[in-house]
Amino acid sequence: MPTTVTYFFDPLCGWCYAAAPALTKLQATPGVHLVMAPTGLFAGAGAWPLDAEFAAYAWSNDQRIQQLTGQPFSDRYRNNILGQQGARFDSGPAMLALTAVAQTEPAQELAALHAFQHARYEDGRDTTALPLLADVLATLALHAAAARVREPDDALRAAMWERVAAARSHRQALGAHGVPQLAVHGMDAGRPRLLGSGTLLGPWDALLAQVLAPPQAAER
(Lines give C-alpha, C1' and ligand atoms only; values in the text may rest on other atoms or scores of the structure.)
Protein backbone atom coordinates (compact mmCIF):
# COMPACT_ATOMS: atom_id res chain seq x y z
CA MET A 1 0.00 0.00 0.00
CA PRO A 2 1.52 3.35 -1.00
CA THR A 3 2.31 6.22 1.32
CA THR A 4 -0.03 9.08 0.43
CA VAL A 5 1.50 12.55 0.55
CA THR A 6 -0.74 15.62 0.27
CA TYR A 7 0.97 18.70 -1.14
CA PHE A 8 -0.47 22.04 0.05
CA PHE A 9 0.55 24.77 -2.38
CA ASP A 10 -0.36 27.89 -4.33
CA PRO A 11 0.75 28.43 -7.96
CA LEU A 12 2.06 31.94 -7.21
CA CYS A 13 3.99 30.99 -4.08
CA GLY A 14 7.71 31.52 -4.68
CA TRP A 15 8.65 28.98 -2.02
CA CYS A 16 6.44 26.41 -3.75
CA TYR A 17 8.43 27.08 -6.93
CA ALA A 18 11.59 26.53 -4.91
CA ALA A 19 10.24 23.15 -3.81
CA ALA A 20 9.59 22.00 -7.41
CA PRO A 21 12.71 19.79 -7.75
CA ALA A 22 11.89 17.93 -4.53
CA LEU A 23 8.27 17.41 -5.57
CA THR A 24 9.33 16.00 -8.94
CA LYS A 25 11.56 13.46 -7.21
CA LEU A 26 8.88 12.65 -4.66
CA GLN A 27 6.24 11.96 -7.31
CA ALA A 28 8.66 9.60 -9.06
CA THR A 29 9.44 7.67 -5.87
CA PRO A 30 8.03 4.12 -5.85
CA GLY A 31 5.54 3.61 -3.06
CA VAL A 32 4.56 7.29 -2.85
CA HIS A 33 1.22 8.64 -4.06
CA LEU A 34 1.20 12.44 -4.34
CA VAL A 35 -2.09 14.33 -3.93
CA MET A 36 -2.27 17.94 -5.09
CA ALA A 37 -4.07 20.31 -2.69
CA PRO A 38 -4.24 23.94 -3.91
CA THR A 39 -5.11 26.23 -1.00
CA GLY A 40 -5.99 29.35 -2.99
CA LEU A 41 -3.72 31.56 -0.90
CA PHE A 42 -3.58 34.20 -3.63
CA ALA A 43 -7.00 33.69 -5.20
CA GLY A 44 -10.40 35.22 -4.54
CA ALA A 45 -10.10 37.52 -1.54
CA GLY A 46 -6.36 36.78 -1.48
CA ALA A 47 -5.74 38.38 -4.89
CA TRP A 48 -4.84 42.04 -5.35
CA PRO A 49 -3.44 44.50 -7.92
CA LEU A 50 0.32 44.79 -8.14
CA ASP A 51 1.93 48.04 -7.02
CA ALA A 52 5.52 49.23 -6.76
CA GLU A 53 5.78 48.47 -3.04
CA PHE A 54 4.67 44.87 -3.40
CA ALA A 55 6.81 44.39 -6.52
CA ALA A 56 9.90 45.48 -4.58
CA TYR A 57 9.02 43.17 -1.68
CA ALA A 58 8.35 40.24 -4.00
CA TRP A 59 11.62 40.70 -5.91
CA SER A 60 13.61 40.92 -2.67
CA ASN A 61 11.97 37.73 -1.40
CA ASP A 62 12.49 36.00 -4.75
CA GLN A 63 16.19 36.86 -4.71
CA ARG A 64 16.47 35.33 -1.24
CA ILE A 65 14.77 32.16 -2.52
CA GLN A 66 17.18 32.01 -5.47
CA GLN A 67 20.22 32.41 -3.20
CA LEU A 68 19.00 29.69 -0.85
CA THR A 69 17.75 27.15 -3.38
CA GLY A 70 19.20 27.97 -6.80
CA GLN A 71 15.78 28.25 -8.44
CA PRO A 72 16.05 31.09 -10.98
CA PHE A 73 13.98 34.29 -11.12
CA SER A 74 14.79 36.11 -14.35
CA ASP A 75 14.90 39.78 -15.27
CA ARG A 76 12.12 38.99 -17.76
CA TYR A 77 9.93 38.03 -14.80
CA ARG A 78 10.94 41.16 -12.90
CA ASN A 79 10.20 43.44 -15.84
CA ASN A 80 7.23 41.75 -17.52
CA ILE A 81 5.38 40.54 -14.42
CA LEU A 82 6.37 42.56 -11.37
CA GLY A 83 6.88 45.65 -13.51
CA GLN A 84 3.26 45.72 -14.71
CA GLN A 85 1.69 48.05 -12.16
CA GLY A 86 -2.02 47.43 -11.64
CA ALA A 87 -1.86 43.87 -13.02
CA ARG A 88 -3.58 41.25 -10.87
CA PHE A 89 -1.60 39.08 -8.50
CA ASP A 90 -4.12 36.26 -8.71
CA SER A 91 -3.54 32.51 -8.64
CA GLY A 92 -7.16 31.75 -9.53
CA PRO A 93 -6.54 31.30 -13.28
CA ALA A 94 -3.64 28.90 -12.70
CA MET A 95 -5.69 26.89 -10.22
CA LEU A 96 -8.53 26.74 -12.73
CA ALA A 97 -6.12 25.37 -15.34
CA LEU A 98 -4.72 22.84 -12.85
CA THR A 99 -8.26 21.72 -12.05
CA ALA A 100 -8.82 21.08 -15.75
CA VAL A 101 -5.69 18.92 -15.73
CA ALA A 102 -6.85 17.11 -12.59
CA GLN A 103 -10.11 16.24 -14.34
CA THR A 104 -8.50 15.03 -17.57
CA GLU A 105 -4.89 13.88 -16.93
CA PRO A 106 -4.48 13.91 -13.13
CA ALA A 107 -1.04 12.29 -13.20
CA GLN A 108 0.21 15.36 -15.10
CA GLU A 109 -0.96 18.03 -12.65
CA LEU A 110 2.42 18.47 -10.98
CA ALA A 111 4.11 18.75 -14.38
CA ALA A 112 1.57 21.39 -15.39
CA LEU A 113 2.20 23.35 -12.19
CA HIS A 114 5.93 23.30 -12.81
CA ALA A 115 5.41 24.40 -16.42
CA PHE A 116 3.35 27.36 -15.18
CA GLN A 117 6.06 28.25 -12.66
CA HIS A 118 8.74 28.05 -15.34
CA ALA A 119 6.66 30.24 -17.67
CA ARG A 120 6.26 32.90 -14.98
CA TYR A 121 9.54 33.00 -13.10
CA GLU A 122 11.95 32.15 -15.91
CA ASP A 123 10.22 33.20 -19.15
CA GLY A 124 8.39 36.22 -17.70
CA ARG A 125 4.99 35.18 -19.09
CA ASP A 126 1.72 36.19 -17.49
CA THR A 127 0.27 33.11 -15.81
CA THR A 128 -2.83 35.02 -14.73
CA ALA A 129 -4.00 34.90 -18.37
CA LEU A 130 -6.09 31.87 -19.32
CA PRO A 131 -5.04 31.88 -23.02
CA LEU A 132 -1.39 31.71 -21.97
CA LEU A 133 -2.11 28.87 -19.55
CA ALA A 134 -3.98 26.99 -22.28
CA ASP A 135 -0.99 27.40 -24.59
CA VAL A 136 1.35 26.01 -21.94
CA LEU A 137 -0.92 23.00 -21.46
CA ALA A 138 -0.96 22.42 -25.21
CA THR A 139 2.86 22.31 -25.26
CA LEU A 140 2.59 19.47 -22.73
CA ALA A 141 0.12 17.67 -25.04
CA LEU A 142 -2.63 18.19 -22.45
CA HIS A 143 -5.08 19.14 -25.17
CA ALA A 144 -8.31 18.21 -23.38
CA ALA A 145 -7.36 20.39 -20.42
CA ALA A 146 -6.24 23.20 -22.73
CA ALA A 147 -9.62 23.16 -24.49
CA ARG A 148 -11.42 23.45 -21.16
CA VAL A 149 -9.23 26.38 -20.11
CA ARG A 150 -9.87 28.22 -23.36
CA GLU A 151 -13.61 28.00 -22.72
CA PRO A 152 -14.04 27.58 -18.95
CA ASP A 153 -17.54 26.95 -17.66
CA ASP A 154 -19.28 27.23 -14.30
CA ALA A 155 -18.72 23.54 -13.58
CA LEU A 156 -14.94 23.93 -13.87
CA ARG A 157 -14.96 27.02 -11.66
CA ALA A 158 -17.09 25.24 -9.06
CA ALA A 159 -14.75 22.25 -9.12
CA MET A 160 -11.78 24.55 -8.52
CA TRP A 161 -13.35 26.13 -5.44
CA GLU A 162 -14.39 22.72 -4.15
CA ARG A 163 -10.75 21.63 -4.31
CA VAL A 164 -9.67 24.79 -2.52
CA ALA A 165 -12.28 24.31 0.22
CA ALA A 166 -11.19 20.69 0.70
CA ALA A 167 -7.51 21.65 0.88
CA ARG A 168 -8.17 24.42 3.38
CA SER A 169 -10.34 22.17 5.53
CA HIS A 170 -7.73 19.42 5.50
CA ARG A 171 -4.92 21.82 6.35
CA GLN A 172 -6.92 23.43 9.15
CA ALA A 173 -7.75 20.03 10.64
CA LEU A 174 -4.03 19.31 10.82
CA GLY A 175 -3.26 22.65 12.42
CA ALA A 176 -1.07 23.62 9.49
CA HIS A 177 -0.40 27.14 8.25
CA GLY A 178 1.06 28.49 5.04
CA VAL A 179 2.52 26.79 1.98
CA PRO A 180 4.35 24.75 0.86
CA GLN A 181 3.68 21.89 3.27
CA LEU A 182 3.26 18.14 3.05
CA ALA A 183 0.94 15.87 5.00
CA VAL A 184 2.17 12.29 5.08
CA HIS A 185 -0.49 9.61 5.50
CA GLY A 186 1.17 6.32 6.39
CA MET A 187 -0.23 2.82 6.18
CA ASP A 188 -1.46 3.03 9.78
CA ALA A 189 -4.62 4.89 10.72
CA GLY A 190 -2.80 7.48 12.83
CA ARG A 191 -2.77 11.23 12.43
CA PRO A 192 -0.99 12.44 9.27
CA ARG A 193 2.48 13.85 9.82
CA LEU A 194 3.19 17.42 8.71
CA LEU A 195 6.41 18.30 6.91
CA GLY A 196 6.98 22.02 6.53
CA SER A 197 8.78 24.05 3.91
CA GLY A 198 12.13 23.63 5.66
CA THR A 199 12.01 19.88 5.04
CA LEU A 200 10.92 20.39 1.43
CA LEU A 201 13.78 22.76 0.74
CA GLY A 202 16.44 20.78 2.57
CA PRO A 203 18.48 17.76 1.48
CA TRP A 204 16.55 15.26 -0.62
CA ASP A 205 17.69 12.26 1.39
CA ALA A 206 16.38 13.82 4.60
CA LEU A 207 13.00 14.58 3.01
CA LEU A 208 12.66 11.06 1.63
CA ALA A 209 13.57 9.55 4.99
CA GLN A 210 10.87 11.64 6.67
CA VAL A 211 8.25 10.68 4.10
CA LEU A 212 9.01 6.95 4.26
CA ALA A 213 9.75 6.71 7.97
CA PRO A 214 7.54 4.37 10.03
CA PRO A 215 5.23 6.37 12.33
CA GLN A 216 7.19 5.48 15.47
CA ALA A 217 10.50 6.54 13.91
CA ALA A 218 9.05 9.79 12.55
CA GLU A 219 7.76 10.76 16.00
CA ARG A 220 11.12 10.37 17.73
Side-chain angles (χ1 to χ4, degrees), residues 1-43 46 61 64-65 68-71 91 94-95 97-118 121 140 159-220:
M1 182 176 180
T3 296
T4 297
V5 179
T6 300
Y7 176 41
F8 299 107
F9 72 96
D10 186 277
L12 295 192
C13 164
W15 292 104
C16 297
Y17 167 57
L23 267 297
T24 298
K25 290 181 180 179
L26 194 59
Q27 187 180 52
T29 300
V32 172
H33 173 58
L34 187 68
V35 176
M36 305 287 283
T39 65
L41 181 63
F42 301 118
N61 191 55
R64 178 168 173 257
I65 294 171
L68 288 172
T69 69
Q71 285 288 81
S91 62
M95 288 199 308
L98 291 174
T99 299
V101 177
Q103 292 184 341
T104 54
E105 295 280 353
Q108 298 302 313
E109 187 176 0
L110 184 65
L113 170 63
H114 292 170
F116 295 162
Q117 292 167 331
H118 178 91
Y121 296 119
L140 299 176
M160 180 195 83
W161 286 113
E162 286 172 5
R163 296 183 79 206
V164 169
R168 289 174 176 176
S169 177
H170 187 185
R171 190 180 61 173
Q172 183 177 8
L174 296 173
H177 303 281
V179 292
Q181 291 201 70
L182 299 179
V184 181
H185 310 255
M187 292 184 289
D188 65 318
R191 181 181 176 85
R193 292 179 282 114
L194 281 173
L195 302 180
S197 58
T199 307
L200 268 169
L201 301 175
W204 162 247
D205 289 346
L207 170 60
L208 184 61
Q210 283 288 312
V211 168
L212 298 181
Q216 296 84 356
E219 290 170 3
R220 286 201 293 265

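Starting from 1, each residue takes its place in the sequence as its number.
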- Message: Which heavy atom of Thr69 sits nearest to which heavy atom of Leu201, and what is that distance?
- Response: CG2-CD2, 4.4 Å

- Task: Test side-chain contact (heavy atoms from CB on, under 4.5 Å) on Gln71 and Tyr121 and set out the steps.
- Result: CA-CA 9 Å; Gln71 285 288 81; Tyr121 296 119; over 6 Å; no

- Start with the C-alpha gap between His114 and Thr24, add the side-chain angles, then the distance that decides, and say whether side-chain contact (heavy atoms from CB on, under 4.5 Å) holds. CA-CA 9 Å; His114 292 170; Thr24 298; 3.1 Å; yes

- Message: For a quick test of reading the model, state the closest non-hydrogen atom pair linking Gln117 to Ala20 and the distance between them.
- Response: OE1-CB, 3.9 Å

- From Gln27 CD over to Met36 CE, what is the distance, rounded to the nearest 0.5 angstrom? 7.5 Å

- Note on the structure: Closest non-hydrogen contact found for Ala112 with Leu140 is CA-CD1, 3.8 Å

- Correct closest heavy-atom pair for Val101 and Gln108 would be CG1-C, 3.8 Å

- Message: Tell me whether Gln210 contacts the main-chain N or O of Leu195 through its side chain, where contact means a donor paired with an acceptor under 3.5 Å.
- Response: no

- Working for side-chain contact (heavy atoms from CB on, under 4.5 Å), residues Val211 and Val5: CA-CA 8 Å; Val211 168; Val5 179; 3.8 Å; yes

- Message: Nearest 0.5 Å, please: how far is NE2 in His33 from NE2 in His185?
- Response: 10.0 Å

- Taking it one step at a time, do Thr29 and Leu34 satisfy side-chain contact (heavy atoms from CB on, under 4.5 Å)? CA-CA 10 Å; Thr29 300; Leu34 187 68; over 6 Å; no

Determine all donor-acceptor pairs shorter than 3.5 Å in which one atom belongs to a side chain in residues 7-14; sequence neighbours excluded.
| unit_1 | atom_1 | unit_2 | atom_2 | d |
| --- | --- | --- | --- | --- |
| Asp10 | OD1 | Leu12 | N | 2.9 |
| Asp10 | OD1 | Ser91 | OG | 3.3 |
| Asp10 | OD2 | Leu41 | N | 2.9 |
| Asp10 | OD2 | Phe42 | N | 3.1 |
| Asp10 | OD2 | Ser91 | OG | 2.9 |

- Over all heavy atoms of both residues, which pair between Thr99 and Ala159 is shortest? Give the atoms and the distance, please. CG2-CB, 3.9 Å

Please output the side-chain donor-acceptor pairs of residues 169-184 that fall under 3.5 Å, not counting sequence neighbours, one pair per line with the distance.
| unit_1 | atom_1 | unit_2 | atom_2 | d |
| --- | --- | --- | --- | --- |
| Arg171 | NH1 | Gly178 | O | 3.4 |
| Gln181 | NE2 | His177 | O | 2.4 |
| Gln181 | NE2 | Gly178 | O | 3.3 |

- Note on the structure: Heavy-atom nearest pair, Arg193 first then Ala213, reads NH2-O, 3.2 Å

